[in-house]
Amino acid sequence: MTGQQARPAACARELTCMTIDWHYRADDDLGILSVAGYLGPEAVRRFAGAIGWVVARGAGPVIVDLGELRGWSPEGRLAVIEAARRLAEAGRGLELAAIPAGEPLVPAGGCPAIPVHADLAAACAAHRSERASPGPGRLGRRTTGWPGGERLGA
């Protein structure tokens with residue numbers, strides 16, 4: 001085919017072919033990982049890579065903002081649970097903001113607690129008593145597909 005890529009048969013629905021884009025910003029004691037797209041089987045590895053970036057940088061809890069996420073598959077939900085485990089092993093917590101409606105996250109036994117907030121503003125408000133609300137952050141990174149411009153950080 002010229003000009004087009006063949007779509008895999010598994011991509012019967014548009015959402016299942018999507019991947020994610022992510023943007024991370026951190027201050028001294030709080031990180032925010034914003035995720036957009038569809039967290040399905042094809043995106044799990046990219047999400048794990050983003051979590052690897054987060055684990056290696058910053059300190060304190062990480063809010064995973066899912067406000068721009070169009071949905072997540074069972075594999076995507078498991079990837080979030082695994083991210084909570086990885087962050088806990090690094091001495092950091094994971095919190096969720098704006099999970100997709102009607103698609104609850106049900107961690108298995110032995111998983112660290114994952115606080116869930118209605119949206120990013122509520123998640124930040126929960127930390128406001130401990131610190132000022134997050135600004136643009138001093139450390140950041142995003143995928144090239146993230147809306148709003150150039151890649152941050154190094």
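Quantities reported herein were computed from a predicted structural model and do not represent experimental measurements.
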Would you give me the side-chain donor-acceptor pairs under 3.5 Å for residues 110-119, sequence neighbours excluded?
residue	atom	partner	partner atom	Å
His117	NE2	Glu95	OE1	2.7
Asp119	OD1	Ala121	N	3.3
Asp119	OD1	Ala122	N	2.8

Which donor-acceptor pairs under 3.5 Å do the side chains of residues 80-90 make with protein atoms, sequence neighbours left out?
residue	atom	partner	partner atom	Å
Arg86	NH1	Ala48	O	3.1

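Under the 4.5 Å side-chain heavy-atom criterion for ILVMFWY residues, no single connected hydrophobic cluster contains both Ile51 and Val44.
Summarising the geometry, atom CZ belonging to Arg77 is positioned 7.0 Å from atom CH2 belonging to Trp72; distances are rounded to the nearest 0.5 Å. Distance check: Ile99 CD1 to Leu69 CG gives 10.5 Å after rounding to the nearest 0.5 Å. Between Phe47 atom CZ and Leu78 atom CG the span is 11.5 Å, to the nearest 0.5 Å.
Contact between Leu105 and Leu96 at its shortest, heavy atoms only, is CD2-CD1, 3.4 Å. Smallest separation of non-hydrogen atoms from Glu75 and Ser73: OE1-OG, 2.9 Å. In terms of heavy-atom proximity, Asp29 sits nearest to Pro61 at O-CD, 3.4 Å.
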Audit row: Trp22, Leu33, side-chain contact (heavy atoms from CB on, under 4.5 Å) steps and yes/no:
CA-CA 7 Å; Trp22 58 270; Leu33 175 65; 3.7 Å; yes
Chi angles and distances behind the side-chain contact (heavy atoms from CB on, under 4.5 Å) call for Tyr24, Trp53
CA-CA 9 Å; Tyr24 179 68; Trp53 177 266; 3.8 Å; yes
Assess the residue pair Val62 and Val55 against the criterion (side-chain contact (heavy atoms from CB on, under 4.5 Å)); give the C-alpha distance rounded to whole Å, side-chain angles, the decisive distance to 0.1 Å, and a yes or no.
CA-CA 9 Å; Val62 176; Val55 167; over 6 Å; no
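No donor-acceptor pair closer than 3.5 Å links the side chain of Arg46 to the backbone N or O of Asp21.
Looking at heavy atoms from C-beta onward, Ser34 lies out of side-chain contact with Glu68 at the 4.5 angstrom threshold.
Residues passing the salt bridge (charged side-chain N to carboxylate O under 4.0 Å, His left out) test with Arg92: none are found, sequence neighbours excluded.
Of the candidates Ile63, Val64, Leu66, Leu120 forms a side-chain contact (heavy atoms from CB on, under 4.5 Å) with just one, namely Ile63.
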